[in-house]
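Scope of the values below: all heavy atoms of this structure, side chains included, with no hydrogens, waters or symmetry mates.
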Amino acid sequence: MEDKIEANMGLVVSVVNSFNPKSDEEREEYIQAGRIGLWKALQKYDPNRGCKFSPYARNPIRWEIIKIIKRTVFEIFFTEALAISLSKI
């Protein structure tokens, strides 16, 4: 399975680049999330269903990256809301 993940890292990088990461750290975080999505896609992929792997794997990769983005946005929002609440005390 590890060889299939390495063989499809170009797909992960392609999906990551579509999100326009702002820093190298953010890019690496998205790539790690993309690897998780790729791994999930490999586990569920059935070649007998007539779909090529690349189009099939693109959505699970994107979903994992979006999860990371949502978590980051929530953390920022929560931190700002907490700071505002504490400043009112």
Sequence-distant partners of R35, side chain to side chain donor-acceptor pair (under 3.5 Å), two or more places apart:
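Side chain to side chain donor-acceptor pair (under 3.5 Å) list for R35, sorted by chain: E2, E6.
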
Please report the interatomic distance CD1(I68) to CD1(I31), rounded to the nearest 0.5 Å.
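That separation rounds to 12.5 Å.
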
Not counting sequence neighbours, which residues clear salt bridge (Lys or Arg N to Asp or Glu O under 4.0 Å) with R58? List them please.
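Per chain and number, R58 pairs via salt bridge (Lys or Arg N to Asp or Glu O under 4.0 Å) with no residue.
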
Identify, with sequence neighbours excluded, every residue that meets salt bridge (Lys or Arg N to Asp or Glu O under 4.0 Å) alongside K4.
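Expected list: none.
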
Scan for side chain to side chain donor-acceptor pair (under 3.5 Å) pairs involving residues 22-31, sequence neighbours excluded, and state none if there are none.
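Sorted pair list: N17-R27.
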
Is it possible for you to say whether [X] and [Y] belong to one hydrophobic cluster, with membership spreading through side-chain heavy-atom contacts below 4.5 Å?
X: W63; Y: V13; answer: no
X: V12; Y: I66; answer: yes
X: V15; Y: I36; answer: no

Under the salt bridge (Lys or Arg N to Asp or Glu O under 4.0 Å) rule, what pairs show up with a residue in residues 40-50, not counting sequence neighbours?
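Listed by first then second residue: K40-E64.
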
Which heavy atom of Y45 sits nearest a heavy atom of C51, and at what distance?
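Nearest heavy atoms, Y45 then C51: OH-O, 2.6 Å.
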
Any residue meeting side-chain contact (heavy atoms from CB on, under 4.5 Å) with N20, in chain and number order, not counting sequence neighbours:
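None.
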
Please name all residues satisfying side-chain contact (heavy atoms from CB on, under 4.5 Å) with A57, sequence neighbours left out, ordered by chain then number.
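With neighbours one apart ignored, the set is L11, L38, A41, F53, I61.
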
